[in-house]
Number of protein chains: 2
Amino acid sequence: MTQPDSLHYLGVRDAIATRIAGGELKPGERLPSERQLQVGGGVARGTIREALFQLEAEGIIYRKDRSGWYVSPPPVVYDPTRWEGFMSYVEAQGRRAETETLSKTEIACTPALAPIFGRPVGAPMYRIRRRRSVDGRAVLVETIVVDAALAPDLLSHPLDGSLTSVLKSAYNIAVARNRVDMQPCALTRGEAEALQVKSGLPGLNVVRTSYDAQGRVVEFDREYWRHDALKISVDIRVR
Amino acid sequence: MTQPDSLHYLGVRDAIATRIAGGELKPGERLPSERQLQVGGGVARGTIREALFQLEAEGIIYRKDRSGWYVSPPPVVYDPTRWEGFMSYVEAQGRRAETETLSKTEIACTPALAPIFGRPVGAPMYRIRRRRSVDGRAVLVETIVVDAALAPDLLSHPLDGSLTSVLKSAYNIAVARNRVDMQPCALTRGEAEALQVKSGLPGLNVVRTSYDAQGRVVEFDREYWRHDALKISVDIRVR
DNA sequence: CTTCAATTTTGGTATAGACCAGATGAAGGG
DNA sequence: CCCTTCATCTGGTCTATACCAAAATTGAAG
């Protein structure tokens, strides 16, 4: 897998990357269309697309389906251990944060959830699906499950902000321990659609389980992030 | 970006995924060649490749350049906060771990490293490049920088194991705090070649800065992981 | 048996053309 | 002004073909 430095698509990649780095194309701006990028100079559209895929994998550009290719804004720095503040985090970085609640339902505890919460199958749970955006671009979708016994009537509270704050102020539930699992993944059917990206694009799957001081699971959160939208930063004291 | 369930390449993807899930193709086994997968049934090779790329992004298969496509083994679970034990971690999961030292050199502190270590530009540093493999497949390359003033003659110690153990036993340097930055990225020229993957494939960039009790940086480590080789798991107590 | 050269197979790159569905924007109707 | 309609533009998918370089295999020679 040596790079002979003569591959056509890498040359095209470099040409576009240079225009972006030079400021000719700014974050959020649309690139010329694939057919315009061919310029008539004997370059097949497939080669142009290969270069665009490369830039996309590097997080330099992104696409909106059938709309065009755009220059990526800088990623958001995110510390999963300080989960109380997606909104304030993003805004502290000078960006505009939005949260949409896609759905909120009461569900019966599934066999998959039962061992996590230590509750019987069928026990009432709340499930909340939210989409969060930065500067108008959807960057993550998440599904949160909360034990209804711990937070009765949770769904009547405002859910477009910090859920942890709601749990603390309305139910006096404080999170004492946090388990975070992260794995690079491909965004498939459901998540890809919610994030308006093509199925199969790389993403990051973050699963967060929050416990209170008694060791009860108070929040189970599965997040799917666009791969180019975030930078994870964790600061840890050694045990 | 809806999925009409009638896309040809997704059908091919599902067919191959089924054969893998059904156990017909086992982890580590080679898939039939792209031309064999066409079976003569009016499917262009480009469509077959599109399906293979999809499976690759999902971490189900991987490729070796011009050798073929292979079924991915399960990922390694890795806790970056317990960095002392890559080898023991991997072996505790029943896998075979290897570490190769690609290079070890004494360098002069660069302008980029100076503020990290709080040392003047030109101060002596050690730089170690290693490649680590699981079951014979390279999964990460890392570049470690250590202040030579803290660990004189470090390079004469064995470096194919745990560096943190060496620092502790030979120099009595204990790590007290750890900062971990992670960002999905594309594996480009250098790292891609070391990992024997195609440039542009998604990966995970992990930057780890280790401090001792006095706040001095004792280790600065930049790791590039194959995206499908690991699952990150962090357990955190709330501050 | 091992060693080395030649052959075959494989994925990687590239071109050219075609059609489709969703996004976009302009034109027209209310 | 807003809303709808429609033509156009855009990326998404697909076929067919060609050549290349590296890997894997074969086969001959030692």
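Below, chains carry the letters A, B, ... as their sequence lines are ordered, and counting in each starts from 1. No hydrogens, no waters, no symmetry mates; every other heavy atom, side chains included, goes into these values. The shown structure was predicted, so the numbers you read here are calculated from the model rather than taken from an experiment.
Relative to the side chain of B:Ser33, the nucleotides C:dT13, D:dG12, C:dT10 differ in distance, and C:dT10 lies closest. Of the candidates C:dG22, D:dA22, C:dA14, C:dG22 carries the atom nearest the A:Arg66 side chain, counting heavy atoms from C-beta on. Side-chain proximity of B:Arg63 to C:dG12, D:dG11, C:dT13: nearest is C:dG12. When each of C:dG11, D:dT15, C:dT15 is scored by its nearest atom to the side-chain atoms of A:His8, the top-ranked nucleotide is C:dT15. Distances from the side chain of B:Ser67 to the nucleotides C:dT15, C:dG12, D:dA23 place D:dA23 closest. In this structure, of C:dT13, D:dA24, D:dA16, it is D:dA16 that holds the atom nearest to the side chain of B:Ala44. Minimum atom distance to the side chain of B:Tyr9 is reached by D:dT13, of the listed C:dT13, D:dT13, D:dA24.
Separating the CD atom of A:Glu34 from the P atom of C:dA23 is a distance of 16 Å, rounded to the nearest angstrom. Nucleotide C:dT9 holds its P atom 16 Å from the CG atom of B:Leu37, rounded to whole Å. The CD1-P distance, from A:Ile48 to C:dT13, rounds to 15 Å in whole Å. Rounded to a whole Å, the NZ atom of B:Lys64 is 13 Å from the C1' atom of C:dG11. One interatomic measurement links the two molecules: CG of A:Asp65 to P of C:dT24, which rounds to 10 Å at whole-angstrom precision. Rounded to whole angstrom, the span from the CD atom of A:Glu50 across to the P atom of C:dG12 amounts to 10 Å. In this structure, CZ of A:Arg45 is placed 11 Å from P of D:dT13, rounded to the nearest angstrom. Atom CG of A:Leu7 and atom P of C:dT13 are 6 Å apart (whole Å).
Distances shown here put every side-chain N or O of A:Thr47 at or beyond 4.0 Å from the OP1 or OP2 atom of C:dT13. Distances shorter than 4.0 Å separate some side-chain N or O of B:Arg49 from OP1 or OP2 on C:dG12. In this model, the phosphate group of C:dT10 is approached by a side-chain N or O of B:Gln36 to a distance below 4.0 Å at OP1 or OP2.
Residues A:Arg137 and A:Ser72 approach most closely at NH1-OG, 4.5 Å, considering heavy atoms.
Considering CD of B:Glu219 and CG of B:Asn178, their distance stands at 8.5 Å, rounded to 0.5 Å. For the atom pair OG1 (A:Thr209) and CZ (A:Arg179), the distance works out to 7.0 Å, reported to the nearest 0.5 Å. Between A:Arg130 atom CZ and A:Ile144 atom CD1 the span is 4.0 Å, to the nearest 0.5 Å.
With a 4.5 Å cut-off on side-chain heavy atoms, A:Asp181 and A:Gln183 do not count as touching.
Side-chain atoms of B:Arg35 come within donor-acceptor range of the base of C:dG11, with a qualifying N/O pair under 3.5 Å.
Nearest-nucleotide assignment on DNA chain D puts the 5′-proximal partner with A:Leu52, out of A:Leu52 and B:Tyr70.
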